[in-house]
S.K.: 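Quick one: structure below, then a few questions.
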Amino acid sequence: MPLALLALAVGAFGIGTTEFVMMGLLPNVADDLHLSIPTAGHLVSAYALGVVIGAPLLAAVTARMPRRRVLIGLMVLFVAGNAVSAAAPDYHWLMAARFVSGLPHGAFFGVGAVVATSLVAPERKARSVSLMFLGLTVANVIGVPVATAMGQQLGWRATFLAVSAIGLAAIAALAALVPADHGHGATTGIRGELRALKSLPVWLALGTTVAGFGALFAAYSYITPMLTDAAGFADSSVTLLLALFGVGATIGNLLGGRLADHSLRATLFGGLTSLGVVLAFFPLLMRTEWSAPLGVLLLGLTAFVTGSPLQLMVMEKAASAPSLASSANQGAFNLANAGGAWIGGLALAAGFGVTSPALAGAALAVLGLAVAGIALAVDRRREPAHVAGRLVAGSAAPAVEAESVRG
């Protein structure tokens, strides 16, 4: 695997750290800026809003630019957002800075996935994407706990300065390791990129991401009360237990990339099925202190098995605009975060018990399987036209045309 994937992973590590560390720093930020915890929680929403808006917008605007230059520019914006966060004099400045920090998130992963697949042989595409996402999963194991501890000891502003330093390291790595002759932008322009999103298979792939990862966040958003109220762990043990989720996510991410290179569809269906099973049994796993850690580990593993297959499927369905579609998939991931948490909260509010969000997540996993099944049926209906185009054609041109119809 090329060293350029290491540069992408460093950037992903910084992004993953700044995305999730705010949850652990909310009390510190609230005390320092004289805010309530719910008001400080809006800083998490501001970042997510930046991701949803920035992912398709920046990918479309930079469609014709060389992708190495785009990646470096996105990390410059990332560093600026986190540096301003560290120096923010009040809540409103911090809110704006968190929004700016979120803008490059989706586009970086979207464009980075396109660059990663362009650097390897076709049979290693999914693994290349999983290695880039490795930075995101490792951030949950190492980056977030270390950054949270730093913020608690040195102040939350020190955390964002440290994240800015990670971003500078990523810029240097991208400039040094990503070849200038790889990953040039498309020539279709903004209209061509947007036109590719009219494809039904693209929207079905994005819908699978929303439902599949919505299943994860329906349960994971409320994992702390499950561990304390249901499994009986002390509050001080939660951080260590959540690191198990990151370990599981890292294993699942690498496993999913390897399996998807052999069979993308089988990996996707197998991952969603496994996630649904784990979530269905989650209330039982949360009953004892020995089974709860196993449940947390399995939750991360089964959820992230589908990460690389979903990213690759969206890119393949929008072959003429992979950067925009890949970035839109990151927006779908954040929509899944918000939507899953909301649905899990409905289960709690209805009085179904502290572990009921996991069952709501199991239902979302089934929905994800249904959407993936519809996507498969649509592909099979288009298959005869693709094959006929190859058989009737006497030259390569009709075959290429049929290939574009299929994608």
S.K.: Is the shortest heavy-atom distance from the side chain of F20 to the side chain of L242 under 4.5 Å?
M.R.: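 Side-chain contact under 4.5 Å: no.
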S.K.: May I ask you to decide if the ring planes of F217 and F213 are parallel, tilted or perpendicular, using 30° and 60° as cut-offs?
M.R.: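 It falls in the tilted class, 30° to 60°.
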S.K.: Taking side chain as C-beta onward, heavy atoms only, is L298 less than 4.5 Å from F281?
M.R.: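 No, their side chains stay 4.5 Å or more apart.
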S.K.: Does CZ in R157 sit with more than 12 non-hydrogen atoms of other residues, nucleotides or ligands closer than 6.0 Å?
M.R.: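 Yes, because the 6.0 Å sphere around CZ of R157 holds more than 12 heavy atoms from other groups.
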S.K.: Determine whether a donor-acceptor pair (N or O, by modelled atom type, separation under 3.5 Å) exists between the side chain of R124 and the backbone of L119.
M.R.: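 Flag not set: sc R124 to bb L119 has no pair under 3.5 Å.
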S.K.: Please say whether more than 12 non-hydrogen atoms of neighbouring residues, nucleotides or ligands are located less than 6.0 Å from CZ in R287.
M.R.: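 At most 12 heavy atoms, drawn from other residues, nucleotides or ligands, come within 6.0 Å of this atom.
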S.K.: Examine distances only and state if a side-chain atom of T355 and a backbone atom of P283 form a donor-acceptor pair shorter than 3.5 Å.
M.R.: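 It does not hold such a pair.
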S.K.: I'd like to know if the side chain of D261 and the backbone of R127 have a donor-acceptor N/O pair within less than 3.5 Å.
M.R.: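 Looks like yes, one N/O pair under 3.5 Å.
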S.K.: Counting C-beta onward and ignoring hydrogens, is there a side-chain heavy-atom pair between N253 and S308 closer than 4.5 Å?
M.R.: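 Yes, close enough: below the 4.5 Å cut-off.
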S.K.: Just how far is it from atom CG of L5 to atom CE of M132, taken to the nearest 0.5 Å?
M.R.: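 One finds 9.0 Å between CG of L5 and CE of M132.
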S.K.: Atom CE of M315 and atom OG of S327: how far apart are they, to the nearest 0.5 Å?
M.R.: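 It comes to 10.0 Å.
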S.K.: Indicate the atoms forming the closest heavy-atom contact of S101 with G81, along with that distance.
M.R.: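 Shortest heavy-atom separation between S101 and G81 comes out as OG-C, 3.1 Å.
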S.K.: Picking from L259, L272, L255, what satisfies side chain to side chain contact (heavy atoms under 4.5 Å, CB included) with T267?
M.R.: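 Considering L259, L272, L255, a side chain to side chain contact (heavy atoms under 4.5 Å, CB included) with T267 is found only for L259.
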S.K.: To the nearest 0.5 Å, what is the distance between OG (S274) and CG (L299)?
M.R.: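 Spacing of OG (S274) from CG (L299) equals 12.0 Å.
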S.K.: Considering non-hydrogen atoms only, spot the tightest contact between A12 and F109 and give its length.
M.R.: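 A12 and F109 have their closest heavy atoms at CB-CE2, 3.5 Å.
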S.K.: Does the gap between the ring centers of H42 and Y91 come in under 6.0 Å?
M.R.: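 Judged by ring-centre distance (under 6.0 Å), H42 and Y91 do not meet the cut-off.
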S.K.: Minimum heavy-atom separation for V378 and P201, please, with both atom names.
M.R.: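 Heavy atoms of V378 and P201 come nearest at CG1-CG, 4.3 Å.
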S.K.: Counting only heavy atoms not in Q153 (residues, nucleotides, ligands), do more than 12 fall under 6.0 Å from its CD?
M.R.: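 No - once you tally the heavy atoms of other residues, nucleotides and ligands closer than 6.0 Å, there are 12 at most.
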S.K.: Can you list the steps and then say if V114 with R67 is a side chain to side chain contact (heavy atoms under 4.5 Å, CB included)?
M.R.: CA-CA 9 Å; V114 176; R67 291 188 176 122; 3.4 Å; yes
S.K.: Are V51 and E19 side-chain neighbours, meaning at least one heavy-atom pair lies under 4.5 Å?
M.R.: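 A side-chain contact under 4.5 Å is absent here.
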S.K.: Does the side chain of L8 come within less than 4.5 Å of L174's, by heavy atoms?
M.R.: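 Yes - at least one pair of side-chain heavy atoms lies under 4.5 Å apart.
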S.K.: Walk me through it: do F304 and F245 pass the test side chain to side chain contact (heavy atoms under 4.5 Å, CB included)?
M.R.: CA-CA 10 Å; F304 278 84; F245 175 84; 4.0 Å; yes
S.K.: With rounding to the nearest 0.5 angstrom, report the CZ to CG distance, F108 to L77.
M.R.: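 One finds 12.5 Å between CZ of F108 and CG of L77.
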S.K.: Quick check: does any side chain N or O of N337 sit under 3.5 Å from a backbone N or O of F333, one acting as donor and the other as acceptor?
M.R.: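 Between the backbone of F333 and the side chain of N337 there is no qualifying donor-acceptor contact (under 3.5 Å).
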S.K.: For the side chain of Q330 and the backbone of A107, is there at least one donor-acceptor N/O pair under 3.5 Å apart?
M.R.: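 No; zero donor-acceptor contacts below 3.5 Å.
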S.K.: Which pair of heavy atoms, one from A219 and one from M226, lies closest together, and at what distance?
M.R.: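 Nearest heavy atoms, A219 then M226: O-CE, 3.6 Å.
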S.K.: Can you see which heavy atom on G361 is nearest to which on A215, and at what distance?
M.R.: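 For G361 and A215, the tightest heavy-atom pair comes out as O-CB, 3.0 Å.
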S.K.: Taking all non-hydrogen atoms of both residues into account, name the closest pair between L241 and P293 and its distance.
M.R.: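 Minimum heavy-atom contact is CD2-CG, 3.8 Å.
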S.K.: Could you go through the side chain to side chain contact (heavy atoms under 4.5 Å, CB included) check for M22 and F160 one step at a time?
M.R.: CA-CA 10 Å; M22 181 56 76; F160 291 112; 3.5 Å; yes
S.K.: Under the side-chain hydrogen bond (donor to acceptor under 3.5 Å, both in side chains) definition, can you give me all pairs with a residue in residues 208-222, not counting sequence neighbours?
M.R.: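 Matches after skipping sequence neighbours: T209-N329.
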S.K.: State, without any angle test, whether R98 and T18 hold a side-chain donor-acceptor pair at a distance under 3.5 Å.
M.R.: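 Note: R98 and T18 side chains meet the donor-acceptor criterion.
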S.K.: Test side chain to side chain contact (heavy atoms under 4.5 Å, CB included) on L297 and V247; report intermediate values, then the result.
M.R.: CA-CA 7 Å; L297 180 73; V247 172; 4.1 Å; yes
S.K.: If you measure from CG on L33 to CG on N28, what distance do you get to the nearest 0.5 Å?
M.R.: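 L33 atom CG to N28 atom CG measures 10.5 Å (nearest 0.5 Å).
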S.K.: Are L254 and L131 packed together at the side-chain level, in the sense that at least one heavy-atom pair is separated by less than 4.5 angstrom?
M.R.: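 The answer is yes, as the side chains (C-beta and beyond) meet within the 4.5 Å cut-off.
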S.K.: Strictly distance-based, threshold 3.5 Å: is any side-chain N or O of T137 a donor or acceptor partner for the main-chain N or O of L134?
M.R.: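 Judged by distance alone, yes, a pair lies under 3.5 Å.
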S.K.: Any side-chain heavy atom of L240 sitting closer than 4.5 Å to one from F233?
M.R.: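 Result no, sub-4.5 Å side-chain heavy-atom pair not found.
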S.K.: Within a strict 4.5 Å, meaning less than it, do heavy atoms of the T306 and L275 side chains meet?
M.R.: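 Of all side-chain heavy-atom pairs linking L275 with T306, none is under 4.5 Å.
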S.K.: Ignoring hydrogens and geometry, is there a side-chain-to-backbone donor-acceptor pair from D90 to W93 under 3.5 Å?
M.R.: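 Yes.
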S.K.: Rounded to the nearest 0.5 Å, how far apart are CD1 of I166 and CD1 of I171?
M.R.: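 The distance works out to 12.5 Å.
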S.K.: Would you say H92 has more than 12 foreign heavy atoms packed within less than 6.0 Å of its NE2?
M.R.: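 Atom NE2 in H92 is not crowded, with 12 or fewer foreign heavy atoms closer than 6.0 Å.
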S.K.: Please check if the side chain of T62 supplies one atom and the backbone of M65 the other of a donor-acceptor pair under 3.5 Å.
M.R.: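 Pair absent, no side-chain N/O of T62 close to backbone of M65.
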